[in-house]
Amino acid sequence: METTRISRREFLRWSLAGAAGLILGDLARHTPLLAAQPRPAPRARSVIQVWMWGGPSHLDTFDPKPNAGNDYTGPLNTVVETNVKGIVINAALPMLALQADKYAIIRGMAHGNNGHETAAYMMQTGHAPGVGLVYPSLGAIVSYFKGYSNGYTGLIPPYITLTESQGRFAEEGFLGPLYKPFATGGDPNQKIFTVDGVVAAGITEQRQRDRRDLLHGLDTLGKAMPTEPAFAQLDACEEKAYELILGDARKVFDLSQEPDELRDRYGRSKFGQSCLMARRLVEQGVPFITINYGGWDTHKQHFEAMRQKLPEFDRGLATLLQDLADRGLLDTTIVWAGGEFGRTPKVDWDAPWNGGRGHFGPCFSVLLAGGGFRGGTVVGASDAKGEKVVERPVYPQDLIGSILELLGINPDAPLPNNRGLDLKVMPASEDGPGRGRLKEII
Amino acid sequence: MYHRWLMTVILLLFATICALAAPPVKPYEAETWTTPPNGVDAHVDAALKAQGATWRNPCSDEVFIRRVHLDLIGTMPKPDEVEEFLKNPRPDKRAALIESLFTRDEYADYWSMKWCDILRVKSEFPINLWPNAVQAYHQWIRAALRDNMPYDQFARALLTSSGSNFRVPPVNFYRAVPNRAPDGLAAATALTFMGTRLDTWPPAKREAMAAFFSKVAYKKTGEWKEEIVYLNPAMTEPVKALLPDGTTAMIPGNADPRETFANWLISPKNPWFARAIVNRQWAWTMGHGIIHEPDDLRAANPPVSPQLLAYLEAELVRARYDLRHTYRLILNSRTYQQSSITQDDEKPALRFAHYTVRRLEAEVLIDALCWIGGQGESYSSPIPEPFTFIPKGQRTIALADGSITSSFLAMFGRSSRDTGLATERNNQPSDTQRLYLLNSNDIQQRITRSPLLRDIIRKSKGNSQEVARNIYLTLLSRYPTPQELLVLQQYAKKPDMQPQSVLVDTTWALINSKEFLYRH
């Protein structure tokens with residue numbers, strides 16, 4: 001592993017590349033290829049983001065505090081030894097305990113914001129709000145630098161959301177709609193995973209072809225203005241759409257091609273099958289997949305919800321890590337699991353919460369695995385009750401910056417925007433006030 | 001008096017020389033003009049002549065009724081409305097239709113949607129208005145448009161109000177910004193009302209303009225998410241600010257600097273205010289600004305026809321900022337009523353002078369699909385307190401909140417409402433939109449369950465020609481051509497083709513046609 005570590009000298013080269021980017025100015029602004037070179041070879045090719053929106057409790061998952069008392073732990077008051085000596089997690093995650101050698105736990109995640117929409121923006125873009133700009137999410141950045149404008153040729157869009165779009169802010173930010181995620185819709189846990197527009201139920205291939213002929217036969221306005229550029233654009237989109245509708249690429253969504261035994265291991269839940277789907281997309285070379293995994297905003301009756309939620313999460317994510325490793329994909333695939341914040345360590349037992357946890361941005365946990373992140377590690381620590389970061393705080397910009405680094409995306413590359421401003425991906429100077437990028441696990 | 005008489009002579013002369021350049025393309029173009037030329041046309045004619053360009057043919061009544069419905073009320077005309085209009089022999093029926101559309105509920109809905117894009121009305125990041133204030137603000141904007149509040153009063157209310165975001169809705173202008181510092185407020189004001197991007201100004205001028213907003217302050221109340229916008233009473237020293245035209249303003253310590261700015265802004269002599277809005281009106285209806293982008297007014301981006309712009313500005317001021325007056329001028333012009341069919345030798349500089357085809361906005365398209373499918377979308381907001389109640393079957397153009405989660409609206413490029421830039425709305429086609437329209441269960445279900453189709457079958461009594469006529473009238477606001485009927489007959493004759501499939505596939509093909517998806 002040492003040989004592929006990014007040395008200080010390479011870091012210097014990066015900065016020089018950044019300077020070159022500045023000199024290239026406008027030319028580089030709209031050509032990610034130019035702006036992105038030269039740089040060290042990327043170690044990660046794809047990212048699977050398990051977005052636990054609503055915010056999972058860090059105490060009930062990766063930062064347990066069994067000695068903090070019932071007002072903090074509730075019934076989830078036991079821990080489990082993992083397969084890495086010295087690392088324990090909440091006993092509610094027994095399968096993940098057996099995968100700890102593959103992941104790093106960030107226990108000092110912090111941004112201090114307790115509002116869903118602002119916290120989600122910070123965690124997904126790494127930028128602070130209030131500057132009058134909406135930066136693109138990490139997924140949109142990856143889709144810009146590793147998508148169609150930079151060598152990606154797959155028919156499956158480069159930024160996929162399983163299954164519903166998130167919608168708390170516009171993920172493409174100022175990059176514009178080309179870099180929006182493609183939300184599949186449907187449910188991979190159903191007999192047929194119908195994907196909006198790609199896999200429809202009940203239309204034979206012959207009928208698809210007949211329909212296309214009919215559409216062209218009735219294209220009266222199009223024929224009246226054959227040189228209209230707006231229509232040429234639509235025709236080009238149509239051609240690409242049909243490559244997917246009539247071609248083989250859509251078979252990636254056919255989960256019946258997977259052995260039943262493996263599907264069972266992932267868990268027969270929407271989340272479990274989404275994890276399996278994500279692995280299949282990684283195999284196809286899709287660079288960014290978000291599993292939009294809601295249900296963590298448990299203000300009321302938190303522990304009842306966790307009884308259903310945690311086993312499903314444990315099974316799906318643990319199997320994903322094992323499966324990626326078995327196929328040799330984990331080295332090049334980053335898995336990032338976490339939400340926009342954690343939850344209040346102290347439980348609110350009173351009505352109407354009846355054992356609930358609120359939003360908590362000052363201290364929470366995030367899991368990182370694969371793609372060059374060193375597993376079997378814990379970064380940072382919280383205090384005895386999980387209320388404060390006491391060691392190695394990690395800020396959203398440190399997290400996003402580290403992932404970008406492993407993906408080989410130049411942090412100083414310019415980002416195009418609709419206002420002609422000089423904006424960059426995530427320069428190292430924008431690291432958080434702590435120790436910055438996660439060099440200890442890269 | 002004299003100049004009005006002269007104008008009439010010019011217009012008459014112009015009318016006589018306006019014979020059709022090329023034979024009309026059926027069914028999109030008419031044989032002759034029934035619309036008299038107006039003041040707009042004289043200026044456009046001069047611009048065309050200066051470039052050696054010609055007029056396009058008049059659009060047909062079929063095209064006109066669809067176009068003006070989409071442009072004024074964001075809604076496709078119903079088949080009976082189309083039939084009635086086509087049968088109507090009156091030569092002034094187009095003008096009468098325009099008048100009637102101003103009074104429709106959808107007019108207020110559709111234009112509120114457009115204004116809420118510019119005014120950035122949404123609950124969530126980065127605007128964070130929150131649902132209560134979104135509803136109050138949207139209602140205020142909608143009422144202003146419904147009642148045709150003069151545009152200068154509209155701007156003044158937005159710029160000078162103080163009070164609670166729930167009780168004094170226009171104060172939300174100062175809350176609906178991604179940056180609440182004085183320079184952020186100045187940038188939002190300049191973009192909204194002057195159509196100019198403050199980023200392009202020299203820093204000193206930017207700072208001097210920000211001074212007008214330096215006293216704006218915010219405070220919370222005991223009520224959940226209530227916020228008061230007020231002037232900071234601690235700032236008692238006089239404010240020295242610089243108006244965008246270079247005049248220095250000394251504002252006494254007890255005065256509201258926003259008033260000084262607003263008074264300057266809405267003065268008839270102001271070079272920006274009327275120009276920015278009439279240019280926006282032009283871009284909204286014609287598809288391309290006289291200055292383009294319509295919110296990028298600056299010296300280096302001059303109008304293609306300064307005369308036309310000056311004429312519209314003067315008309316708006318003369319009509320005391322009645323926006324419907326300028327809409328009337330544009331929509332009743334031959335310029336607007338030209339065919340959208342491009343000719344070979346068209347000059348890019350003259351894009352403003354012709355009706356430009358463009359894809360329907362996300363909200364307009366989903367409303368049309370819901371109408372066909374007989375079922376509205378169900379919308380909800382992820383913000384729990386207070387839950388936003390959105391009645392079932394609510395039209396999408398009437399949605400107040402730009403944060404309502406919807407894959408469709410995201411896919412089809414509704415405005416993100418982050419900064420209010422016109423480019424935040426994106427009507428470009430994409431592969432994923434195409435996939436959705438060509439091959440989604442959603443579209444298939446809307447067609448197979450369509451009550452409109454059921455009615456058509458019942459009405460047509462098994463006559464397949466009649467079915468085709470009614471489907472065309474419903475979806476494309478016109479009757480099918482003989483060529484199209486032939487294509488459909490051949491399709492029905494394919495082996496193993498079920499009559500039900502012919503009907504479904506015809507509907508599918510028309511929904512996927514350029515004519516349906518694009519205003520034209």
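The model shown is predicted, which means the values in this text are computed figures rather than measured ones. Residue numbers start from 1 in every chain, and the chains themselves are labelled A, B, ... in the order their sequence lines are given, proteins ahead of strands.
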pair [X]-[Y]: side-chain heavy atoms closer than 4.5 Å:
X        : Y        : result
B/Val357 : A/Met225 : yes
A/Thr118 : B/Glu124 : no
A/Pro157 : B/Asp431 : no
A/Glu164 : B/Ser407 : yes
A/Val195 : B/Leu435 : no
B/Gln428 : A/Gln233 : yes
B/Asp505 : A/Arg207 : yes

Please classify the contact between [X] and chain A as side chain, backbone, both or neither, with a heavy-atom cut-off of under 4.5 Å.
X        : result
B/Asn426 : side chain
B/Leu421 : side chain
B/Ser440 : both
B/Ser501 : both
B/Asp442 : neither
B/Tyr472 : side chain
B/Thr342 : both
B/Asn128 : side chain
B/Leu510 : side chain

Problem set entry | Donor-acceptor pair, side chain of B/Tyr28 and main chain of A/Leu221, under 3.5 angstrom | yes
Rounded to the nearest 0.5 Å, what separation is found between the [atom1] atom of [X] and the [atom2] atom of [Y]?
X        : Y        : atom1 : atom2 : answer
A/Leu215 : B/Asn512 : CG    : CG    : 5.5 Å
B/Ser430 : A/Lys240 : OG    : NZ    : 10.0 Å
B/Leu517 : A/Leu234 : CG    : CG    : 6.5 Å
A/Arg211 : B/Tyr491 : CZ    : OH    : 7.0 Å
A/Lys223 : B/Gln483 : NZ    : CD    : 6.5 Å
A/Glu117 : B/Ile127 : CD    : CD1   : 11.5 Å

Exercise. For the residue pair B/Arg434 and A/Ala241, what are the closest heavy atoms and their distance?
Worked result: CB-CB, 4.0 Å
With a 6.0 Å cut-off (strictly less than), is the heavy-atom count around [atom1] of [X], excluding the residue itself, greater than 12?
X        : atom1 : answer
A/Ile192 : CD1   : no
A/Lys300 : NZ    : no
B/Gln445 : CD    : yes

Look at [options] and state which one has the largest set of heavy-atom pairs under 4.5 Å with chain B.
options                                : answer
A/Gly294, A/Ala170, A/Pro177           : A/Pro177
A/Ala224, A/Ala183, A/Gly186, A/Gly176 : A/Ala224
A/Val199, A/Thr227, A/Asp219, A/Asp196 : A/Asp219

Seminar exercise, completed: Looking only at B/Glu515, B/Lys514, B/Lys122, B/Gln433, most heavy-atom pairs under 4.5 Å shared with chain A are made by B/Lys514
For this session: Tell me, out of B/Pro126, B/Pro178, B/Ser513, who's got the most heavy-atom pairs with chain A below 4.5 Å.
Result: B/Pro178
Give, as side chain, backbone, both or neither, the part of [X] having an atom under 4.5 angstrom from any heavy atom of chain B.
X        : result
A/Asp235 : side chain
A/Phe174 : neither
A/Pro129 : both
A/Leu218 : both

For this session: Could you label the plane-to-plane angle of the A/Phe231 and B/Tyr518 rings as parallel, tilted or perpendicular, counting under 30° as parallel and over 60° as perpendicular?
Result: perpendicular
Exercise. Side chain to side chain donor-acceptor pair (under 3.5 Å) between B/Asn439 and A/Gln208: does it pass, once the steps are laid out?
Worked result: CA-CA 9 Å; B/Asn439 195 36; A/Gln208 292 280 16; 2.8 Å; yes
For this session: Starting from the C-alpha separation in whole Å, work towards a yes-or-no answer on side chain to side chain donor-acceptor pair (under 3.5 Å) for B/Glu484 and A/Thr220.
Result: CA-CA 8 Å; B/Glu484 287 163 340; A/Thr220 311; 2.3 Å; yes
